[in-house]
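Before any comments, here is the structure.
Naming: A, B, ... by sequence-line order, numbering from 1 per chain.
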There are 2 protein chains.
Amino acid sequence: MLSHTEENYLKALLKLSFQNEEKPEAGTNEMAAYLGVKPATATDMLKKLKEKELVTYKKYGKILLTELGRAKGIAILRKHRLWETFLYEKLDFSWDEVHEVAEQLEHIQSPKLVNKLEEFLDFPEFDPHGDPIPRANGELPTVDKVLLTDVKAGESCQVVAVKDTSTVFLQYLEKLQVTIGTLVKVMEVVDFDGSMNIQIASSDPRNVSMKFAESLFVKKKTSVTV
Amino acid sequence: MLSHTEENYLKALLKLSFQNEEKPEAGTNEMAAYLGVKPATATDMLKKLKEKELVTYKKYGKILLTELGRAKGIAILRKHRLWETFLYEKLDFSWDEVHEVAEQLEHIQSPKLVNKLEEFLDFPEFDPHGDPIPRANGELPTVDKVLLTDVKAGESCQVVAVKDTSTVFLQYLEKLQVTIGTLVKVMEVVDFDGSMNIQIASSDPRNVSMKFAESLFVKKKTSVTV
DNA sequence: TATAAAAGTTAGACTAGTCTAACAAATATA
DNA sequence: TATATTTGTTAGACTAGTCTAACTTTTATA
Ligand SMILES: [Mn+2]
Ligand SMILES: [Mn+2]
Ligand SMILES: [Mn+2]
Ligand SMILES: [Mn+2]
């Protein structure tokens, strides 16, 4: 049985491993920063997780999840994203409110609960932010996605996920009526600052910053021209 | 902000106050036994709760919730019972499985979650065991109930709650097809051992022990004779 | 390559929650 | 009322998780 704290370390390591795709290892300071603790604290915990064979750790070395540690991490991420979906779909939470509560709910221990919840939600593949929900067997649904910055002028695409899940960004998207599934057409890319003129659904085109375009994942639409 | 542990002490004190109705106070040993800790541990925590003005406590004296402590306790009980109802109604848990998970869920901090959950469940008044669910304002729905032992031969009644929520009792009730709302007619009371011959719904009469009858709350049906 | 900077570790301290063992107060009983 | 029993408290210790401050190792850079 893992404590909330241990679980948070495992999930953090998993998330960090997703970030640096090629190199799924993390450093002590990186982990500490992610979790909001001091490096000394992370060192202690990493030693403990090593004892439990959940991470590989050597003094001054990089940290990696073991198979077991990864499985535990995936299980927590699965709960997190299922709960977010529940809050969003069933309890009418907005997509900027779900994360904080799911951060607590992900630690509830009950295999039956997780699986019944998944069934109740009709086996969703993605959470409200477009992130894949791990299956009971640990597999992650995939979807090919690129950043909006990779879409060229004239191309169309569909929003599939947000890269930045901060409240301020999510609320801005809401104001712009951008949500998962929204169609976006890139009208023009401004060389000067990387900003874009985009048409959201069928509204009037508007300019968005490069920072914006770097925070949104989309799927390119094969243009419907002959 | 209260810790899980502090919350458990407050809920325990509240439940104990319901048990000894006239005297809503509890002793240190009583609390410790209820929570599965040693008396020394309870003493420490009670001092801490007194500091926070959640209980009245004096060395060697009885313990009582303050208004504030009671309100906190009620809020936790509310969450506990709403979650039990959710698990039972929406996720298909049986009534002997819900308590353990609700024991964890009751500590999730999110006022919005509680209220949305209540709304999602259509403002239930009673949990799967027939216990009243506190309202957002702290009020408890009431229902007049008596123990099955108080029902005389020839009288009919309807099951409204279980006094004993142990798995073994709940599963026995399930086997007997007794649930909240089930109609029961007392055919005969055996003076010798207090056991009863009862008819459950329209099945064949069967004998149940006094221990059984002491564990079930019912509401008397005014007989339909003229 | 020598040195400076960054990254990581260790030692020691603190809090929350728990325990055991010894003790003290309150209550029941002879 | 005197004594025994029950009830509750105190002191001291332990673990988990955190911190600060000092130190060490690794990496970057002049
Ligand atoms: Mn999240
Ligand atoms: Mn968490
Ligand atoms: Mn319960
Ligand atoms: Mn609890």
key: Phosphate-side-chain proximity, S3(B) and dA16(C), N/O vs OP1/OP2 below 4.0 Å   = no
task = Examine dT9(C): is either OP1 or OP2 under 4.0 Å from a nitrogen or oxygen in the side chain of T43(A)? Give yes or no.
result = yes
query = Rounded to the nearest Å, what distance is computed from the CG atom of residue N29(A) to the P atom of nucleotide dC19(D)?
reply = 13 Å
request  = Send over the distance from K38(A) NZ to dC23(D) C1', rounded to a whole Å.
outcome  = 18 Å
Distance test, side-chain N/O of K59(A) to OP1/OP2 of dT10(C), below 4.0 Å = yes
ask   = Under the 6.0 Å and 45° cation-pi test, does K116(A) pair with F93(B)?
value = no
request  = Using a 4.0 Å heavy-atom cut-off across all strands, classify T28(B) as base, sugar-phosphate, or nothing.
outcome  = sugar-phosphate
ask   = Does Y60(B) make a side-chain N or O approach to OP1 or OP2 of dC23(C) shorter than 4.0 Å?
value = no
ask   = Which whole-number value in Å describes the distance from M31(A) CE to dT9(C) P?
value = 12 Å
key: Between dA16(C) (P) and L49(B) (CG): distance, integer Å   = 12 Å
Donor-acceptor contact below 3.5 Å, side chain W95(A) vs main chain L170(A) = yes
ask   = For the pair made of CG in L46(A) and P in dA7(C), what is the distance, rounded to whole Å?
value = 16 Å
query = Starting at CG of D44(B) and ending at P of dT9(D), how long is that distance when rounded to a whole Å?
reply = 10 Å
task = For K58(B) and dA26(C), give me the distance from atom NZ to atom P, rounded to whole Å.
result = 12 Å
Value in whole Å for how far the C1' atom of dA7(C) lies from OH of Y57(A) = 11 Å
query = Just by distance, do the side chain of Q171(B) and the backbone of D96(B) share a donor-acceptor pair under 3.5 Å?
reply = no
ask   = Would you say dA16(C) has OP1 or OP2 under 4.0 Å from some side-chain N or O of T5(B)?
value = no
message = For a quick test of reading the model: is some side-chain N or O of K47(A) closer than 4.0 Å to OP1 or OP2 of dT10(C)?
response = yes
query = Does the T66(B) side chain pair with the main chain of L54(B), one donor and one acceptor, at a distance under 3.5 Å?
reply = yes
ask   = Taking the inter-plane angle between the rings of F86(A) and F120(A) on a 0 to 90° scale, is it parallel (under 30°), tilted (30 to 60°) or perpendicular (over 60°)?
value = tilted
